[in-house]
Amino acid sequence: MTTKATLAILKILENLYPNPKTALKHNGPFQLLVATILSAQCTDERVNQITETLFPAFPTAHHLAAASFEEVAAHIRSAGLWRNKAQNLIKTAQILVEKHGGQVPNTREELEALPGVGRKTANVVLANAFGIPAIAVDTHVFRVANRLGLSSAATPQETERQLMEAIPKEKWIDAHHWLIRHGRALCKARSPLCDQCPLQEHCRYFQEKQTSSG
DNA sequence: ATCCCGAGGG
DNA sequence: CCCTCTGGAT
């Protein structure tokens with residue numbers, strides 16, 4: 001795909017999804033980290049519902065580091081994977097206190113060393129908490145980027161690399177949100193709403209669908 | 001049944 | 001690459 005074609009797609013997405021931002025409600029890096037760890041295999045709406053009581057109960061890493069498993073679990077049982085998440089949240093908070101003065105680190109290496117924090121979560125925190133350009137590839141970004149032809153990849157890791165190559169760095173953070181928004185709104189996994197999509201003429205998936213099914 | 005703005009382990 | 005962890009929404 002040419003740079004010109006890529007920029008055309010980004011421009012349309014920008015108009016479709018103005019003022020992109022995380023759907024996870026948070027105030028500061030610590031809350032964003034907690035919310036993002038909770039968001040695995042779980043809707044943002046439920047995460048926001050959980051953190052509404054979780055954040056006041058454990059306002060800082062120090063509070064969370066001193067919490068018991070049951071104390072934390074009581075808040076997050078409506079999220080899937082809650083056993084892992086409760087354990088990871090406490091352990092992560094303890095590492096923040098022991099190694100980072102109770103603060104959230106701002107490098108990929110330090111973030112990914114935290115339990116429950118992988119590539120995607122680290123990128124979300126880097127981008128949304130620290131403004132450091134990153135593209136977090138979740139299931140939506142992976143699917144939408146491959147359909148549009150912005151990437152042609154077998155793994156999320158590879159999609160991330162191809163997107164960083166194709167998209168100007170100053171647009172990485174916004175592009176991440178645009179692709180996610182589009183994945184939820186129109187470019188859905190099961191029944192994509194191509195008839196409502198303004199990207200038809202730019203989309204590899206749509207073009208192939210037209211030529212193959214008549 | 002299938003998916004959700006995944007991570008960790010084999 | 002594969003698998004498991006998990007509740008809730010559709």
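Small disclaimer: the values here were computed from a predicted structure and weren't measured. Side chains included, hydrogens not; waters and symmetry mates left out as well; all remaining heavy atoms used. Naming convention: chains lettered A, B, ... in sequence-line order (proteins, then strands); numbering from 1 in each chain.
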A:Gln87 atom CD, neighbour heavy-atom count above 12 within 6.0 Å: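 Counting other residues, nucleotides and ligands, CD of A:Gln87 stays at 12 neighbours or fewer.
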
Sugar-phosphate, base or nothing in reach of [X], heavy atoms under 4.0 Å:
{"X": "A:Thr139", "result": "sugar-phosphate"}
{"X": "A:Ala136", "result": "nothing"}
{"X": "A:Leu114", "result": "sugar-phosphate"}
{"X": "A:Val117", "result": "sugar-phosphate"}
{"X": "A:Pro115", "result": "sugar-phosphate"}

Contact state string [nucleotides 2-10 of chain C, B base, S sugar-phosphate only, - no protein heavy atom under 4.0 Å]: ---BBBSS-

Any A:Ser39 side-chain nitrogen or oxygen under 4.0 Å from OP1 or OP2 of B:dG6: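 For A:Ser39, the contact criterion (side-chain N or O under 4.0 Å from OP1 or OP2 of B:dG6) is not met.
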
Which residues share a side-chain contact (heavy atoms from CB on, under 4.5 Å) with A:Ala145, sequence neighbours left out: A:Leu150, A:Ser151, A:Thr159, A:Leu163

Student check: side-chain heavy atoms of A:Tyr17 and A:Ile180 closer than 4.5 Å: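 A side-chain contact is absent here, since even the closest heavy-atom pair is not under 4.5 Å.
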
Test item: A:Leu10 and A:Lys171 side chains (from C-beta on) under 4.5 Å apart, heavy atoms: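 They are in side-chain contact.
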
Spacing of the P atoms in C:dC5 and B:dC5 (rounded, Å):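 These two P atoms come out 22 Å apart once rounded.
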
Interatomic distance, A:Arg190 CZ vs B:dC4 C1' [rounded to whole Å]: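 So the two atoms are 13 Å apart, to the nearest Å.
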
Atom-to-atom span, CG of A:Asp138 to C1' of B:dC4 - whole angstrom: 10 Å

Ring centers of A:Phe55, A:His26 separated by less than 6.0 Å: no

